[in-house]
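To start, the structure itself, in structure tokens.
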Amino acid sequence: MAAPKTVLITGCSSGLGRALAIDLHGRSGNAEGKQGGAFRVFASARNTSALSDLAAMGIDVVQLDVTSQASVDAAIKTVVQQAGSIDVLINNAGLSRVGPVIEQPLSEVQEIFDANLFGVVRVTQAVAPHMMRARAGLIVMIGSVTSVLATPFGGAYAASKAALLGISDSLRLELAPFGVHVTHVTAGAIKTSFADNIVGSTTLERYERLESLYRPLAHLIRARAHASQDPKVAVAPDVAAAQIAATALAHNLCLAARPTAARVVGGRRVPALRSASTTRCQAATVLGRAAADDVVTIRFDSKGKPVVSVGGTSASAGTDEKAELAELANQFNIWNSALQTGDPEQVANLYADDGILLPTVSNQLRPDHAGKVDYFTSFLQLKPFGTIDDSFVRFLTPERDVGSNSGIYTFALVKEGKPVKVQARYSFIYRKIDGVWKITEHHSSAMPEPVAEPLDEVRGLFDIWNNALQTGDPEQVANLYADDGLLLPTVSNKIRPCHESKVDYFTSFLQLKPYGTIDERNVRFLNPAKTLAANSGIYTFNIVKEGKPASVQARYSFIYRKIGGAWKIVEHHSSAMPELPAAAPAAAAPAAAAKEPQRELVTAGSAPTEKRKKVFGLF
């Protein structure tokens with residue numbers, strides 16, 4: 001059994017941090033308080049007495065105040081000494097205060113930034129070097145929707161979260177060469193004690209005094225503190241935690257087959273900017289045209305685009321319909337999130353009492369609640385996660401109380417212990433019942449036409465091989481080769497025709513902590529049946545040699561054959577770059593280097609001359 005991943009979570013005294021600790025601890029056999037599951041969780045807080053019940057569950061607890069460098073250093077040292085490493089860091093700790101920026105004390109603004117930004121940087125600076133040296137790790141930043149859509153009386157908090165978003169995007173690019181992933185979760189309304197903490201820590205009376213210019217709006221300032229806790233829009237912390245665990249963590253930690261938070265561009269993995277975990281929030285408005293009890297409602301459509309309306313009516317009927325269509329489209333996300341809970345009852349409850357389910361892989365009509373629970377009990381064992389490839393959303397009645405979402409979706413599943421993807425057609429018919437959308441018909445069917453094998457799948461095989469390198473396990477890398485696969489590596493005179501010889505080679509090679517990126521490639525199928533494919537080109541490896549980072553460029557050829565439905569490497573040939581860069585005139589050398597910095601790089605195994613020692617890129 002693989003060793004559990006070590007997870008450190010900040011801000012676990014309540015709310016989302018606490019829910020994340022319990023959720024991750026409960027995965028893969030930890031529910032009974034036993035270690036040895038998918039994760040070993042370290043829950044942290046300023047006051048560990050608030051974590052006593054987590055400790056009773058078998059969760060490790062550690063004192064950590066993100067605003068104190070001494071506390072951060074001591075906590076990280078404790079975790080590393082006890083667990084040996086930190087594989088995942090979840091920066092969750094934070095705080096908020098409400099008030100108009102013009103009258104909010106600067107000390108209060110500084111307090112917000114110290115926890116929400118500097119505290120995150122402080123902890124990340126202490127943890128990231130351990131991950132970088134290990135060439136693997138995941139850092140999850142718990143952000144806020146206010147980072148992109150600020151609300152009145154929450155300016156300082158929104159600014160701190162916007163800064164966190166910027167830091168996250170930069171860190172993602174800076175840490176990628178070391179095999180460390182960074183994910184930013186743009187959280188919306190989550191039901192926690194956050195509002196009570198805001199009210200308890202903010203002197204709201206200051207805005208009710210005669211000298212305050214905002215005295216006529218003091219009631220709205222107080223209402224702002226509770227806006228995100230509206231039960232109509234806020235989700236429970238355990239639901240949010242399950243969604244984050246299923247999306248932000250899964251792609252990097254092999255929890256299950258999940259869509260990654262990255263897309264492939266030109267052979268390099270380019271992480272997505274952010275992933276939204278909730279889809280709506282509300283905030284009090286101080287616009288002169290709005291009444292005191294009006295709200296600003298912010299929804300996100302299926303493509304992540306915000307749709308805003310004020311009060312009970314919108315500026316135009318067209319805008320209102322777009323917002324309602326976005327809400328209708330979001331019902332798929334709600335259904336998909338219910339799948340992540342693993343609870344068939346929760347999924348079945350999304351269907352109307354007379355709702356019909358016609359699933360892809362069952363001949364039975366499922367017209368009642370029990371039939372749906374029976375189906376989802378089986379389906380959820382596959383750990384499904386759906387993404388929509390193409391859809392058409394529309395209302396079916398003038399009253400906009402019946403609507404449909406039809407199209408094509410893809411499910412990532414775990415079948416017989418292996419990740420697979422299945423594409424199908426779907427139709428959801430929704431009916432609004434007592435103000436809540438319910439599924440009245442759900443029909444899913446297999447794709448009737450054969451789909452050509454996409455070259456994207458072949459391109460992604462390099463990423464699978466490269467990710468296997470990051471595990472440091474030579475067996476895992478060698479298992480990607482066919483039984484009769486040949487390996488001709490750059491720095492060995494031996495042909496490696498069998499499994500043992502590949503393990504022998506990678507045992508040595510992995511000591512260099514290699515991380516590969518493709519510089520140039522040609523991907524193609526080699527037979528009409530598309531069961532044989534080639535990926536040839538030039539790649540670069542960032543390695544650690546004699547304790548120092550270096551980069552090595554080489555030529556490569558991967559030949560893949562589909563065996564038993566899975567791609568295997570049947571030949572892998574790697575060789576040093578045969579040509580040295582052309583010598584340039586001395587006067588022109590700086591300009592030439594500026595234009596083509598990568599040309600300074602040469603490969604491993606080169607003669608130890610000054611020309612052949614240069615490296616490129618970040619290093």
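Reckoned from all heavy atoms, side chains included, excluding hydrogens, waters and symmetry mates. Position 1 is the first residue of the sequence; numbering continues from there. These numbers were taken from a predicted model, which means no experiment stands behind them.
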Do the side chains of Leu469 and Leu510 get nearer than 4.5 Å, heavy atoms only?
yes
Contacts of Ser536 meeting side chain to side chain donor-acceptor pair (under 3.5 Å) (sequence neighbours excluded), chain-then-number -> none
Nearest heavy-atom neighbours spanning Leu328 and Phe395:
CD2-CE2, 4.1 Å
Please round to the nearest 0.5 Å and tell me the distance separating atom NE2 of His184 and atom CG of Leu171.
11.5 Å
Report yes if the side chains of Arg521 and Arg459 come closer than 4.5 Å at any heavy-atom pair, otherwise no.
yes
Quick one: pull up OG in Ser168 and NZ in Lys161 and give me the separation to the nearest 0.5 Å.
9.0 Å
Under the rule for side chain to side chain contact (heavy atoms under 4.5 Å, CB included), what residues qualify as partners of Glu416, not counting sequence neighbours?
none
Approximate separation, where rounding is to 0.5 Å, of Lys562 NZ and Asn527 CG:
11.0 Å
Donor-acceptor pair, Ser85 side chain versus Asp87 backbone, under 3.5 Å?
no
His369: partners by side chain to side chain donor-acceptor pair (under 3.5 Å), with sequence neighbours left out
Glu345
Under 3.5 Å donor-acceptor, Lys502 side chain and Leu480 backbone:
no
Around atom CG of Asp353, are there more than 12 heavy atoms from other residues, nucleotides or ligands closer than 6.0 Å?
no
Results of side chain to side chain donor-acceptor pair (under 3.5 Å) for Thr146 - residues two or more places apart only
Ser144
Would Asn467 and Thr471 count as a side-chain hydrogen bond (donor to acceptor under 3.5 Å, both in side chains) here? Give the steps.
CA-CA 7 Å; Asn467 289 338; Thr471 68; over 6 Å; no
A side-chain contact here means heavy atoms from C-beta on lying under 4.5 Å apart; do Asn542 and Arg135 qualify?
yes
Please list, chain by chain and in numerical order, all residues satisfying salt bridge (charged side-chain N to carboxylate O under 4.0 Å, His left out) with Asp354, sequence neighbours excluded.
Arg431
Walk me through whether Ser445 and Arg425 qualify under side-chain hydrogen bond (donor to acceptor under 3.5 Å, both in side chains).
CA-CA 5 Å; Ser445 63; Arg425 302 177 301 172; 3.1 Å; yes
Taking the side chain as every heavy atom from C-beta outward, state whether Ile167 and Val120 have any atom pair closer than 4.5 Å.
no
Walk me through it: do Asn333 and Asn330 pass the test side-chain hydrogen bond (donor to acceptor under 3.5 Å, both in side chains)?
CA-CA 5 Å; Asn333 297 329; Asn330 186 54; 2.9 Å; yes
How many angstroms lie between CG in Asp169 and CG in Leu173, if you round to the nearest 0.5 Å?
7.5 Å
Taking all non-hydrogen atoms of both residues, which atom of Val373 and which atom of Ala348 are closest, and how far apart?
CG2-CB, 3.7 Å
Sequence-distant partners of Asp483, side chain to side chain donor-acceptor pair (under 3.5 Å), two or more places apart:
none
Of the non-hydrogen atoms in Val570 and Ala482, which two are nearest, and what is the gap between them?
CG1-CB, 3.9 Å
Roughly how far apart are Ile559 CD1 and Ile569 CD1, rounded to 0.5 Å?
10.5 Å
Do Phe506 and Leu487 have side-chain heavy atoms sitting under 4.5 Å apart?
yes
Using atom types as modelled, flag every donor-acceptor pair under 3.5 Å from a side chain in residues 408-415 to any protein atom, sequence neighbours excluded.
from, atom 1, to, atom 2, distance (Å)
Tyr409, OH, His442, NE2, 3.4
Tyr409, OH, Ser444, OG, 2.8
Thr410, OG1, Asp389, OD2, 2.5

Can you list the steps and then say if Tyr481 with Asn479 is a side-chain contact (heavy atoms from CB on, under 4.5 Å)?
CA-CA 5 Å; Tyr481 292 74; Asn479 285 338; over 6 Å; no
Any salt bridge (Lys or Arg N to Asp or Glu O under 4.0 Å) pairs touching residues 175-186, not counting sequence neighbours?
none
Do you know which two heavy atoms are closest between Phe525 and Ala533, and how far apart they sit?
CD2-CB, 3.9 Å
For Phe558, ring pair (Phe, Tyr, Trp, His ring centres under 6.0 Å) partners two or more places apart
Trp465, Tyr556, Tyr560, His572
Strictly distance-based, threshold 3.5 Å: is any side-chain N or O of Lys432 a donor or acceptor partner for the main-chain N or O of Gly403?
no
The complete set of salt bridge (Lys or Arg N to Asp or Glu O under 4.0 Å) pairs with one or both residues in residues 362-379, sequence neighbours excluded, reads Arg366-Asp374
Shortest non-hydrogen separation from Cys12 to Gly17 and the atoms involved
SG-O, 3.6 Å
Those residues that, when tested against Asn363, pass side chain to side chain contact (heavy atoms under 4.5 Å, CB included) (two or more places apart)
none
Under the side-chain contact (heavy atoms from CB on, under 4.5 Å) criterion, do Leu16 and Asn92 qualify, and how do the steps go?
CA-CA 8 Å; Leu16 181 60; Asn92 171 75; 3.8 Å; yes
Flag side-chain contact, heavy atom, 4.5 Å: Gln340 against Phe385:
yes
Say you draw a straight line from NE2 of His25 to CG of Leu20; how long is it, rounded to the nearest 0.5 Å?
14.0 Å
Could you walk me through whether Ile139 and Asn91 pass the side-chain contact (heavy atoms from CB on, under 4.5 Å) test, one step at a time?
CA-CA 8 Å; Ile139 299 173; Asn91 282 309; 3.8 Å; yes
Side-chain donor or acceptor of Asn336 paired with backbone N/O of Gly386 under 3.5 Å:
yes
Audit row: Ile9, Val41, side-chain contact (heavy atoms from CB on, under 4.5 Å) steps and yes/no:
CA-CA 8 Å; Ile9 309 172; Val41 178; 4.0 Å; yes
With a 4.5 Å limit on heavy-atom distance, are the side chains of Pro359 and Tyr375 in contact?
yes
Restricting to salt bridge (charged side-chain N to carboxylate O under 4.0 Å, His left out), what partner residues turn up for Asp484, sequence neighbours left out?
Arg561
Side chains of Trp335 and Ile439, heavy atoms from C-beta outward: is any pair under 4.5 Å?
yes
Looking only at atom types and distance, does a side-chain atom of Gln470 sit under 3.5 Å from a main-chain N or O of Pro514, one as donor and one as acceptor?
yes
Closest heavy-atom pair and its distance - Pro344, Thr377
CG-OG1, 3.5 Å
